[in-house]
Amino acid sequence: MMLLHKTLLFVICLASCYSDATQPIDQVMEKLIKLISEEQILKPVKFKLPVWEKQLGLYRSEIRLDFFDKPYEAELRKNKFIYVFDNNMFATGWISTVLLEANMYGRAPQTIDTEHLSLAFDAIEKFHDHNQNESAVPLMTFWSQIYNATTNTWESAPDNLRYLITDLDKNLLIIEDILKTLGVKNIAQLIDKLRTSSASFKDVFEIPPDFDDTYLNIGFGVQLKLLQDKYPSLFQRWVQTNSNMKKLIDLTLQYAYRPSSQLLDQNTIDPRTYFWLRDFVRDNPQAIIVTTWAQNIAEVRKVAHQGIRMPFNLNNVDVTVGANVLYGITSAMVYDLLDFKTYFTKDMETLYFSTASLIAWSIKNSMKNRPDLAQVYYPSHYNFLWYGSRTLFLLELTRRQQKSLPDVFNRVYALLADVYRNDVVKYFKEHVRSDLSSYDDFLGANDTNIFGKAEPTGEDRIFSTAQTVNVLLASFAYLDANTGKLKWINGSKQIEIVQTMTNRSVSWLLNNSFKYQSFNCFFSGSVKGFNQLPFWYPANTYQYLNGTTFDPNRFDINNQSLVDTIVGVSGYINETIYQHMIEEKHFNVSTPTTFNGYNVPGGEFPFWSSQPYTYSVTLLALAQYNNLDK
Ligand SMILES: *[C@@H]1O[C@H](CO)[C@@H](O)[C@H](O)[C@H]1NC(C)=O
Ligand SMILES: *[C@@H]1O[C@H](CO)[C@@H](O)[C@H](O)[C@H]1NC(C)=O
Ligand SMILES: *[C@@H]1O[C@H](CO)[C@@H](O)[C@H](O)[C@H]1NC(C)=O
Ligand SMILES: *[C@@H]1O[C@H](CO)[C@@H](O)[C@H](O)[C@H]1NC(C)=O
Ligand SMILES: *[C@@H]1O[C@H](CO)[C@@H](O)[C@H](O)[C@H]1NC(C)=O
Ligand SMILES: *[C@@H]1O[C@H](CO)[C@@H](O)[C@H](O)[C@H]1NC(C)=O
Ligand SMILES: *[C@@H]1O[C@H](CO)[C@@H](O)[C@H](O)[C@H]1NC(C)=O
Ligand SMILES: *[C@@H]1O[C@H](CO)[C@@H](O)[C@H](O)[C@H]1NC(C)=O
Ligand SMILES: *[C@@H]1O[C@H](CO)[C@@H](O)[C@H](O)[C@H]1NC(C)=O
Ligand SMILES: *[C@@H]1O[C@H](CO)[C@@H](O)[C@H](O)[C@H]1NC(C)=O
């Protein structure tokens, strides 16, 4: 506790005593802080095409379509007028977290003041799940809910998409006219794509609360607890609506995936999930793995028609969600958030260890070459790696302060230290661009110029490069409580090469932070194209929502709807049998066994991008570098 307090004194001083805006790094940080603050909504805006609804306090976040290849196609992806503004808590939750961390772990001018943090806080508070019976349950939703009097339930819905789809044809005409006026070419293709994907947009409506947003909010709560001296009222307000840690842990365990359970509700998972993690489940039959959605089969049968349902009526596992839950649990335990420690049961310990093991296994096995299924909602690999590295950073800090934690935290530390200090560094070495300084994920990576020659645009380059720096620092540096500085760990053979990599990427960020699009792909729907639909993967459970089973070989997808079906894998399928199932067709479609990247013809999927999120992780990278004891 003493050490912690010392650290916090530094934190407060670091932000308020900073007055050294002469170096290039300071100028870049100042500009980033300004650009981020300009993207916060300070006045709510109502929907009326072409004006999007914007909720007070949130930061900008956009839905775009991942068109690629020829210049006119690329234009439909990146045009500054072609997007739908999205009001979600995920981007704002992360931006707030990162702004606070830039001052906690980094050396930077003050990133956000009480007034603006308070606005973001109030905005995030609107994303609580209102269908809970107990009070102060910290269960969160990606989109805020509206009350439906007919069904007496609260339903999630993305405001702008909902308005858009309510009168789709009319709205598409308006959009077409506006884009024509602006001189945008080839909009027919865009309108076609919008029309066909409106059905898949509908799928993502009505979603239940999720554990990703939920544990992001837990990490945010811990930060507010640590920064009580600086922002006194916020933690108290947070506690009022979030204090029910017992319920949080009950729910986390209730919806977890337990492959060896006898209960359908616990042992059944999306066939896409089973496809990539089945070897892990075989080797760890007693695993308890956190899932994406706070809903199970028994519940979806009851409430699907009241407007609350998981996509495809079944839960799944996403390593990115897992990484965020891991961090939320770690920070709640390390900083003793409310009574979290009291409810950290044996099963919760298993969930923590299983989820960490799955993350380490996935990285070591390159997601079994199916990142599209393993990161089913969160395609950015650099972002995923950073989320996972945050737990290692916190555990390294804890070890140095000799705090007492259950032994499982040592075992998770060992797993993450191994994978992040070896495999992840290897990944960066293999994926660095030819300049040996910067990194690309996939946005704009497959564009061509008017002569048909490859011309990648690097739209997620700033984001991916900044996250690489953040991963390297989280994995190889720790905060020294005596000096408030970040220090490199010693005793790693990799350290020199890691320092060189960090230096190069920081130099690249200083030179290029404003030279490329600042997009990222922080979120997406689970379906990227035909190959990511769950129905084509081997399964052993085929039911209607009402529980009646059906034979997939007698189901005509051209004539019958799959909307109210549950297609999943229950328990474990013997691998010999599974291999035969892969060879077979499902609903008369061959199993999609390979993944050819996110830019494939016909797979132009909607993705979520947030420029202020890119700028804030860039700020974090620079601020932390600036606080390194070199
Ligand atoms: C809340 O209580 C009602 C009535 O007892 C019950 O039907 C419903 O399932 C409960 N909801 C939750 C989320 O526990
Ligand atoms: C409320 O729910 C009913 C039944 O599911 C649905 O028909 C109706 O469209 C919903 N109302 C709104 C405003 O979404
Ligand atoms: C897209 O670009 C990447 C990187 O250059 C390449 O590996 C991949 O094969 C390309 N994909 C397609 C569909 O052209
Ligand atoms: C790091 O260096 C310090 C002082 O040189 C030493 O006491 C410590 O044991 C070293 N730690 C590791 C992990 O090598
Ligand atoms: C990285 O940059 C710092 C600051 O310029 C310098 O002191 C250090 O030697 C560099 N490290 C490596 C490995 O190049
Ligand atoms: C950044 O710019 C400086 C000055 O032009 C140059 O020396 C350095 O190599 C550049 N860094 C990178 C990574 O391109
Ligand atoms: C369940 O739903 C299916 C599809 O709508 C229907 O054919 C079947 O009769 C229903 N079964 C029961 C028991 O209601
Ligand atoms: C769909 O089913 C109906 C009734 O069974 C049948 O008359 C019709 O021909 C089928 N349509 C197709 C496209 O298979
Ligand atoms: C899987 O099934 C095959 C064929 O039925 C059988 O030979 C094998 O022993 C089974 N493997 C396991 C691990 O049960
Ligand atoms: C199955 O797909 C093939 C083409 O892949 C098609 O010729 C055939 O009619 C389909 N059968 C059914 C029952 O839909």
Side-chain angles (χ1 to χ4, degrees), residues 3-4 7-8 10-11 14 94 97-108 215-216 218-220 222-223 226-227 320 322-335 337 352 355-356 359-360 363 382-403 405 408-425 428 466-481 483-492 494-495 498-499 501-502 505-506 616-617 619-629:
L3 286 171
L4 173 65
T7 311
L8 290 175
F10 276 112
V11 168
L14 278 179
W94 275 112
T97 298
V98 168
L99 288 177
L100 294 177
E101 286 188 355
N103 285 145
M104 288 172 82
Y105 306 137
R107 183 173 154 74
Y215 277 90
L216 168 58
I218 295 299
F220 186 49
V222 171
Q223 273 185 313
L226 293 177
L227 297 171
T320 305
N324 283 330
V325 172
L326 207 65
Y327 180 78
I329 296 175
T330 310
S331 62
M333 288 293 286
V334 168
Y335 295 112
L337 181 68
Y352 184 75
T355 304
I359 288 167
I363 295 173
Y382 294 87
N383 202 33
F384 156 69
L385 289 175
W386 179 61
Y387 290 154
S389 72
R390 295 165 55 74
T391 293
L392 175 58
F393 181 75
L394 208 50
L395 291 177
E396 180 69 50
L397 211 68
T398 309
R399 289 165 74 83
R400 287 171 189 271
Q401 300 185 352
Q402 285 156 2
K403 287 194 181 198
L405 282 175
V408 69
F409 288 83
N410 293 324
R411 293 195 286 142
V412 165
Y413 170 83
L415 279 175
L416 295 178
D418 167 42
V419 75
Y420 272 93
R421 292 172 188 168
N422 296 298
D423 306 75
V424 172
V425 176
F428 290 147
Q467 290 298 46
T468 299
V469 172
N470 287 325
V471 171
L472 292 173
L473 292 175
S475 310
F476 289 91
Y478 67 94
L479 187 73
D480 179 6
T483 60
K485 288 239 156 213
L486 287 179
K487 285 191 172 160
W488 293 108
I489 57 161
N490 51 0
S492 165
Q494 303 263 26
I495 199 76
V498 165
Q499 287 167 345
M501 289 164 84
T502 307
S505 291
V506 167
S616 59
V617 299
L619 175 64
L620 179 66
L622 296 179
Q624 292 191 118
Y625 182 80
N626 199 33
N627 193 32
L628 262 176
D629 210 346

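Along the sequence shown, residues are numbered consecutively beginning with 1.
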Any residue meeting salt bridge (Lys or Arg N to Asp or Glu O under 4.0 Å) with K485, in chain and number order, not counting sequence neighbours: none
Non-neighbouring partners of T330 that pass side chain to side chain donor-acceptor pair (under 3.5 Å), sequence neighbours left out: Y352
Side chains of residues 387-394: which donor-acceptor pairs under 3.5 Å do they make with residues two or more places apart or in other chains?
{"from": "Y387", "atom 1": "OH", "to": "W94", "atom 2": "NE1", "distance (Å)": "3.2"}
{"from": "Y387", "atom 1": "OH", "to": "N383", "atom 2": "ND2", "distance (Å)": "3.1"}
{"from": "Y387", "atom 1": "OH", "to": "Y613", "atom 2": "OH", "distance (Å)": "2.9"}
{"from": "S389", "atom 1": "OG", "to": "W386", "atom 2": "O", "distance (Å)": "2.8"}
{"from": "R390", "atom 1": "NH1", "to": "E101", "atom 2": "OE1", "distance (Å)": "2.8"}
{"from": "R390", "atom 1": "NH1", "to": "E101", "atom 2": "OE2", "distance (Å)": "3.4"}
{"from": "R390", "atom 1": "NH2", "to": "E101", "atom 2": "OE2", "distance (Å)": "3.0"}
{"from": "T391", "atom 1": "OG1", "to": "Y327", "atom 2": "N", "distance (Å)": "3.4"}

Sequence-distant partners of Q499, side chain to side chain contact (heavy atoms under 4.5 Å, CB included), two or more places apart: W488, I495, E496
side-chain contact (heavy atoms from CB on, under 4.5 Å) between N324 and L216, intermediate numbers included: CA-CA 7 Å; N324 283 330; L216 168 58; 5.9 Å; no
Partner residues of Q223 under the side chain to side chain donor-acceptor pair (under 3.5 Å) criterion, sequence neighbours left out: none
Partners passing side chain to side chain donor-acceptor pair (under 3.5 Å) against S505 (at least two apart in sequence or in another chain): none
Salt bridge (Lys or Arg N to Asp or Glu O under 4.0 Å) partners for D629, two or more places apart: none
Euclidean distance, Q624 CD relative to L620 CG, rounded to 0.5 Å: 4.0 Å
Point-to-point distance, once rounded to the nearest 0.5 Å, from CD1 of I489 to CD of Q494: 10.0 Å
Partner residues of T468 under the side chain to side chain contact (heavy atoms under 4.5 Å, CB included) criterion, sequence neighbours left out: Y382, F428, Y439, L472
T398 OG1 to M333 CE distance, which is reported to the nearest 0.5 Å: 10.5 Å
Gap separating the CG atom of L385 from the CD1 atom of I363, nearest 0.5 angstrom: 5.5 Å
Side chain to side chain donor-acceptor pair (under 3.5 Å) partners for Y420, two or more places apart: none
Heavy-atom closest contact (N422 atom, D418 atom, distance): ND2-O, 2.9 Å
